[in-house]
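To start, the structure itself, in structure tokens.
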Amino acid sequence: MTERLSNTASSYMGGAKQTIGETIGNTDLAASGAQQKAQADAAQKAADAKTNAEGVGHKVQGQVQQNVGSMTGNTSMEARGHANETRGDLERKI
């Protein structure tokens with residue numbers, strides 16, 4: 001979550017620098033701001049993809065644990081499976 005906040009803050013800062021640079025006619029500031037915003041946006045997309053992939057992994061792991069637990073009568077494993085599946089669902093929604 002910290003990475004998400006950092007990327008969002010950097011994107012807003014870059015956008016502000018770009019707008020200020022364009023407003024006062026400072027092309028260097030505008031270009032620097034645009035670059036900062038683009039880098040932050042790209043980093044955010046990469047972080048979102050990573051979180052989604054982790055969520056898929058936890059969901060699959062949870063489903064396997066539930067099935068194995070159910071077949072073997074291991075209720076503890078089934079419960080861990082439900083927890084991991086829920087964790088995966090939450091990670092994919094964030």
Side-chain angles (χ1 to χ4, degrees):
M1 188 57 110
T2 302
E3 189 175 6
R4 179 181 289 282
L5 293 173
S6 175
N7 290 333
T8 300
S10 185
S11 178
Y12 282 122
M13 292 288 289
K17 283 173 33 179
Q18 181 181 5
T19 301
I20 292 169
E22 289 170 352
T23 301
I24 64 173
N26 185 332
T27 56
D28 289 339
L29 182 61
S32 171
Q35 181 181 12
Q36 180 179 349
K37 183 177 183 334
Q39 287 175 339
D41 291 346
Q44 186 59 46
K45 286 182 182 177
D48 288 346
K50 178 183 174 198
T51 301
N52 188 49
E54 289 172 350
V56 169
H58 287 127
K59 183 173 178 76
V60 169
Q61 179 186 22
Q63 290 170 340
V64 169
Q65 287 173 322
Q66 287 178 58
N67 290 333
V68 171
S70 176
M71 289 188 289
T72 61
N74 186 336
T75 56
S76 177
M77 183 179 280
E78 270 188 274
R80 282 193 310 271
H82 283 291
N84 277 328
E85 186 175 11
T86 300
R87 177 183 176 188
D89 287 340
L90 290 173
E91 287 172 332
R92 292 177 62 212
K93 290 180 182 179
I94 292 178

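Hydrogens, waters and symmetry mates are skipped; everything else that's a heavy atom, side chains included, is used.
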Within this structure, what is the [atom1]-[atom2] distance for the pair [X] and [Y], rounded to the nearest 0.5 Å?
X	Y	atom1	atom2	result
R87	H58	CZ	NE2	3.5 Å
Q63	N84	CD	CG	11.0 Å
E78	Q66	CD	CD	7.0 Å
E54	N52	CD	CG	9.5 Å
Q39	S11	CD	OG	11.0 Å

Legend entry - Hydrophobic cluster identity match, L29 and M13, side-chain contacts under 4.5 Å: no
Inset, instruction - Assess whether side-chain contact (heavy atoms from CB on, under 4.5 Å) is satisfied between K17 and S32, documenting all intermediate values. - result: CA-CA 7 Å; K17 283 173 33 179; S32 171; 3.5 Å; yes
Inset, instruction - Verify side chain to side chain donor-acceptor pair (under 3.5 Å) between R80 and S76, making sure each step is shown before the conclusion. - result: CA-CA 6 Å; R80 282 193 310 271; S76 177; 3.0 Å; yes
Inset, instruction - Please list, chain by chain and in numerical order, all residues satisfying side-chain hydrogen bond (donor to acceptor under 3.5 Å, both in side chains) with Q44, sequence neighbours excluded. - result: N7, D48
Legend entry - Q18 side chain to K37 side chain, donor-acceptor N/O pair below 3.5 angstrom: no
Inset, instruction - Look at the side chain of T51 and the backbone N and O of A47, then say whether any donor-acceptor pair between them is shorter than 3.5 Å. - result: yes
Legend entry - Backbone of T2 reached by a side-chain donor or acceptor of S6 within 3.5 Å: no
